[in-house]
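Per chain, numbering begins at 1; letters A, B, ... match sequence-line order. Given the structure is predicted, the values throughout are model-derived calculations rather than measurements.
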Number of protein chains: 2
Amino acid sequence: MTASNAFGSGMVIQQRNLVEQVADFLTQAIISQHYAPGERLSEVQLARDLGVSRAPVREAARLLESRGLLVSQPRRGFFVRALDAAELNDVFDLRLCLERHALARLVENYDAEKEQALRRQVELMCEVALNDSDSRKIEEDLVFHRMLIAFAGNRRLLRTFDDITHELRLCMALIGKTHADPDSIATCHWALLDALASGDREQCREAVDYHIGVARDYVVQGIGEAS
Amino acid sequence: MTASNAFGSGMVIQQRNLVEQVADFLTQAIISQHYAPGERLSEVQLARDLGVSRAPVREAARLLESRGLLVSQPRRGFFVRALDAAELNDVFDLRLCLERHALARLVENYDAEKEQALRRQVELMCEVALNDSDSRKIEEDLVFHRMLIAFAGNRRLLRTFDDITHELRLCMALIGKTHADPDSIATCHWALLDALASGDREQCREAVDYHIGVARDYVVQGIGEAS
DNA sequence: CGATTGACGACTGTCGACAGCTTGGTATCG
DNA sequence: CGATACCAAGCTGTCGACAGTCGTCAATCG
């Protein structure tokens with residue numbers, strides 16, 4: 001991946017932490033099922049494969065552990081997190097909790113600017129649903145929901161959402177398929193925006209409950225089939 | 001703390017990670033204001049002082065960073081987290097979000113056993129309010145609220161609560177004083193239990209909102225005075 | 001034949017060392 | 001005298017190495 005900057009094109013500042021690079025690599029490898037759930041990761045082997053020492057590998061693994069993508073056992077090492085249906089249910093229950101709260105806050109200070117930004121995102125999601133890859137669809141969906149939380153104005157809430165986002169990516173990738181139909185995506189998300197525009201708190205809550213409920217049922221069912 | 005086992009008493013297997021020990025030390029040092037908010041921590045100096053190498057120190061620091069007690073700047077090191085009033089408000093807003101949800105779940109499957117356990121904890125808090133240190137009072141209060149979340153049955157929710165718990169300890173220790181009056185503690189927490197016993201969801205929500213609101217106002221006000 | 005024990009191999013936890021960066025102070029120049 | 005450039009000290013990021021521990025598998029004993 002190259003980038004353009006003030007010094008011309010292709011001049012990439014290769015100064016990002018090794019830790020971040022390793023973390024990105026590991027995240028991709030886990031999300032893309034390159035490692036199986038429950039698989040053990042060897043620090044030495046990873047370090048050899050990536051051409052770095054064990055220190056950054058270890059630090060990146062701890063980072064992914066805090067994000068819920070890996071679990072560690074003392075003196076045994078790191079293992080790819082294997083989410084079962086119950087844990088998945090808990091994650092979606094927490095997500096419901098967060099998004100309910102965010103929309104209750106957001107509806108209090110909703111304005112045209114926020115509405116326009118959200119509408120643009122939904123339109124982008126519809127385009128993406130037609131042409132792009134599954135992972136791209138998932139990312140844009142998460143961007144939409146992240147915008148909802150961000151607009152609510154609580155940065156700590158946003159951080160918690162980002163935390164569970166990694167787990168969501170994990171299990172969404174796990175079930176593989178996504179509802180690609182752009183019509184369903186549009187109606188599903190516009191219902192949320194309509195509820196917000198109405199300014200009615202109860203209507204927002206119902207919309208969120210329905211939205212997250214559908215997503216949860218879809219994923220939990222997918223996990224049930226997969227395992 | 002010593003433990004009894006099959007070989008008699010006091011025979012403790014001292015094999016805890018250095019990382020955990022350093023993390024505990026750092027946590028205590030930060031909570032007890034031994035380090036000032038915003039202060040820079042040197043890995044080398046900490047390693048020297050504790051008689052260990054930099055690796056466990058660094059790992060423990062990263063752990064505390066994920067818990068929100070430290071923040072890191074690349075190539076600059078770790079700094080003690082300095083919470084301002086806005087961040088504090090966000091933390092309490094998130095806590096409100098979590099406890100509301102937990103009580104809504106808990107009221108659905110509330111039983112005598114859970115009620116008894118919670119009542120015992122409130123009684124313990126009243127005793128502690130008379131005799132013990134501030135930090136002990138804070139701990140027992142957190143235990144009570146942790147029980148509420150745990151009884152709700154969502155482990156992911158509990159993990160998130162544990163996360164913000166560290167930040168709560170930080171700011172509670174920051175303002176120093178606690179409402180020591182056992183009467184107010186009793187009435188304040190029994191109102192929650194009464195709402196749970198009533199089985200009415202709306203009543204629970206009001207009780208939680210009031211409870212967390214009081215705590216938030218108290219702490220935010222304390223921070224305002226301190227800074 | 002099944003269970004226990006012992007050794008082997010691999011790995012994690014921890015350590016000390018080096019290079020590059022950041023920082024604060026000092027010297028130089030306008 | 002003020003501002004800029006430079007320099008030294010300390011620190012973080014990264015590395016390779018060693019010791020203790022865990023899992024595995026074969027050999028031994030009942």
### Task
For Arg76(A), answer base if it contacts any base atom (sugar-phosphate contacts may also be present), sugar-phosphate if it contacts only those atoms, and nothing otherwise; contact means non-hydrogen atoms under 4.0 Å.
sugar-phosphate
### Query
When you check the phosphate oxygens OP1 and OP2 of dG20(D), does a side-chain N or O of Arg75(A) lie under 4.0 Å from one of them?
no
### Task
Round to the nearest Å and state the distance from Arg58(B) atom CZ to dT12(D) atom P.
8 Å
### Query
Taking the side chain of Ser53(A) as heavy atoms from C-beta outward, which of dT12(C), dG13(D), dG16(D) is closest to it?
dG16(D)
#### Entry: Heavy-atom pair with the smallest gap, counting every atom of Leu69(A) and His166(A)
CD2-O, 3.6 Å
### Message
Could you tell me how far apart Leu46(B) (CG) and dC11(D) (P) are, to the nearest whole angstrom?
### Response
11 Å
#### Entry: Value in whole Å for how far the C1' atom of dC15(C) lies from CZ of Arg54(A)
11 Å
### Task
Whole angstrom is fine here: how far is it from CD in Glu20(B) over to C1' in dT12(C)?
15 Å
#### Entry: Validation row, ring centre His145(A) to ring centre His211(A) under 6.0 Å
yes
### Summary
Among the nucleotides dC21(C), dC15(C), dT12(C), whichever has the atom closest to the side chain of Val44(A) is dT12(C)
#### Entry: Thr160(B) and Arg156(B): side chain donor to acceptor below 3.5 Å
yes
### Task
Using whole Å, report how far CD of Glu59(B) lies from C1' of dG13(C).
8 Å
## Note on the structure
To the nearest angstrom, the CG-P distance between Asp49(B) and dC11(D) comes to 11 Å
### Message
Over all strands shown, is Leu41(B) touching base, sugar-phosphate only, or nothing at heavy-atom distances under 4.0 angstrom?
### Response
sugar-phosphate
## Note on the structure
Shortest non-hydrogen pair, Arg100(A) vs Val208(A), comes out as N-CG1, 3.9 Å
### Rounded distance in Å - CG (Leu50(B)) to C1' (dG16(C))
17 Å
### Query
So which nucleotide from dC11(C), dT14(C), dT14(D) ends up closest to the side chain of Leu18(B)?
dT14(C)
### Query
Once you round it to whole Å, what is the distance between C1' of dC11(D) and CD of Glu39(B)?
16 Å
### Task
Compare every heavy atom of Ala82(B) with every heavy atom of Gly38(B), then report the nearest pair and how far apart it is.
N-CB, 4.1 Å
## Note on the structure
Whichever of Arg40(A) and Gln73(B) has the more 5' nearest nucleotide on DNA chain D, that residue is Gln73(B)
